Protein chains: 2
Amino acid sequence: MLTIGSLGKKTGTKVQTIRYYEQIGLMPEPGRTEGGQRRYGDAEVDRLSFIRHARQLGFPLEAIRELLDLSDNPDRSCHEADSIARRQLKQVELRMDRLKALRTELKRMIHECSGGNTADCKVLEVLRDHSECLTDHNEIGA
Amino acid sequence: MLTIGSLGKKTGTKVQTIRYYEQIGLMPEPGRTEGGQRRYGDAEVDRLSFIRHARQLGFPLEAIRELLDLSDNPDRSCHEADSIARRQLKQVELRMDRLKALRTELKRMIHECSGGNTADCKVLEVLRDHSECLTDHNEIGA
DNA sequence: GCTTGAACCTCTAGCAACTAGAACATTTAG
DNA sequence: CTAAATGTTCTAGTTGCTAGAGGTTCAAGC
């Protein structure tokens, strides 16, 4: 039986985060000692590892909730899990495209900075006048 | 003189967002009508456009605050604006690297999904066992 | 058995950058 | 003059945690 601290160490998760996952129903309410401290078993280690791994891959918690649900029902179709993963891939690709445009613009901005005073600073100039931009960048909402 | 709604339309900003920027001191307190409604002039259009454009390039509001400050003082060195932009570029490149690793892993996951039931779903399997991963992906904190 | 210190407990509030809604006031066009 | 559109303030919600206050429990050493 593991304390919350050792579970955290085993899975690379902060203690607060584990309690947060419990609060939002992503982790089950574990058993407690007489004194009221949480104690975890192997199933919880697996579940938390799953969650953390999915988070590292950028899945939002709601998607992870669905994936856990699918994982708990081995007879359901794999199709749903597949489509969640595809959705996530789309998100990642969308964000990559946006970042690519941003990088282009930022590089151009910096490249042309001559180093005088701000009156003729290229960085500020570009920010002042969007029409100087070549790419269609929009990071807001990414 | 523009109402807050027309300023929003002109700059592609939601009304609430403009008020939020005012609240955190990024936009100045504008003049008001007798009835208490905000009215804006050209200077505010420029300032808000600057903010929005910087946001589109992913600059955090605190960086934008500094950039606006520099923009307001034309005799200060361009160097600071330049280094803020360079910092932003670093961030963008870091995030791109992470996303690249994520994409690789997600693609591999989906590619190998055979389409049966979840008992032998590759997506879930990969999430369960990190050791199946080839790349060092970590999107958390990105 | 007792003490001590690390780790645990709950609860609240904070982060970024907005967004949404309630409940009410003002402005403007017909 | 009325009605609709737009404005006002205030509060709370979003995502995914993180930090702190103030108190309790556990395990080890003596």
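Remember, predicted model here, so these are calculated numbers, not experimental data. Atoms considered below: every heavy atom in the structure, side chains included; atoms not considered: hydrogens, waters and symmetry mates. Chain naming here is simple, since letters A, B, ... match the order of the sequence lines and numbering starts at 1 in each.
- A donor-acceptor distance shorter than 3.5 angstrom exists from the side chain of A:Glu105 to the backbone of A:Leu134, with no hydrogens or angles considered.
- A donor-acceptor distance shorter than 3.5 angstrom exists from the side chain of A:Gln88 to the backbone of A:Leu57, with no hydrogens or angles considered.
- The phosphate of C:dA7 has neither OP1 nor OP2 within less than 4.0 Å of any side-chain N or O from A:Thr3.
- The backbone N or O of B:Thr13 sits nowhere less than 3.5 Å from a side-chain atom of B:Thr17 that would complete a donor-acceptor pair.
- Checked against salt bridge (charged side-chain N to carboxylate O under 4.0 Å, His left out), A:Asp46 has no partners two or more places apart in sequence or in another chain.
- Under the 3.5 Å distance criterion, the side-chain polar atoms of A:Arg47 are matched with a main-chain donor or acceptor of A:Leu26.
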For nucleotides 12-17 of chain C, which of its nitrogen or oxygen atoms have a protein nitrogen or oxygen under 3.5 Å away, and what is each distance?
unit_1, atom_1, unit_2, atom_2, d
C:dA17, OP2, B:Leu61, N, 3.2

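- Between the side chains of A:Ser71 and B:Arg128, at least one donor N or O sits under 3.5 Å from an acceptor N or O.
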Check against side chain to side chain contact (heavy atoms under 4.5 Å, CB included), A:Glu80 and A:Glu66: CA-CA 9 Å; A:Glu80 290 174 63; A:Glu66 292 180 64; 5.7 Å; no
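- Judged by distance alone, the side chain of A:Ser49 and the main-chain N or O of B:Asp129 form no donor-acceptor pair under 3.5 Å.
- For residues 8-52 of chain B, no pair satisfies ring pair (Phe, Tyr, Trp, His ring centres under 6.0 Å), with sequence neighbours left out.
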Between A:Leu61 and A:Arg55, does the side chain to side chain contact (heavy atoms under 4.5 Å, CB included) criterion hold? Intermediate values first, please. CA-CA 7 Å; A:Leu61 292 181; A:Arg55 283 295 297 134; 3.5 Å; yes
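- For DNA chain C, the residues of residues 10-18 of chain B within the heavy-atom distance limit of 4.0 Å (strictly under) are B:Lys14, B:Gln16, B:Thr17, sorted by number.
- Within residues 25-44 of chain B, the residues having any heavy atom closer than 4.0 Å to DNA chain D are, in order of number, B:Arg32, B:Gly36, B:Gln37, B:Arg38.
- Between the side chain of A:Thr118 and the backbone N or O of A:Cys121, no donor-acceptor pair lies under 3.5 Å.
- The backbone N or O of A:Arg103 sits nowhere less than 3.5 Å from a side-chain atom of A:His137 that would complete a donor-acceptor pair.
- Nucleic acid contact class of B:Ile4 (heavy atoms, under 4.0 Å, all strands): sugar-phosphate only.
- Boundaries of the chain A contact region on DNA chain D are D:dG16 to D:dC26, first to last in 5' to 3' order (nucleotide atom under 4.0 Å from a heavy atom).
- The main-chain N or O of A:Gly41 is found under 3.5 Å from a side-chain atom of A:Glu44 such that the two form a donor-acceptor pair.
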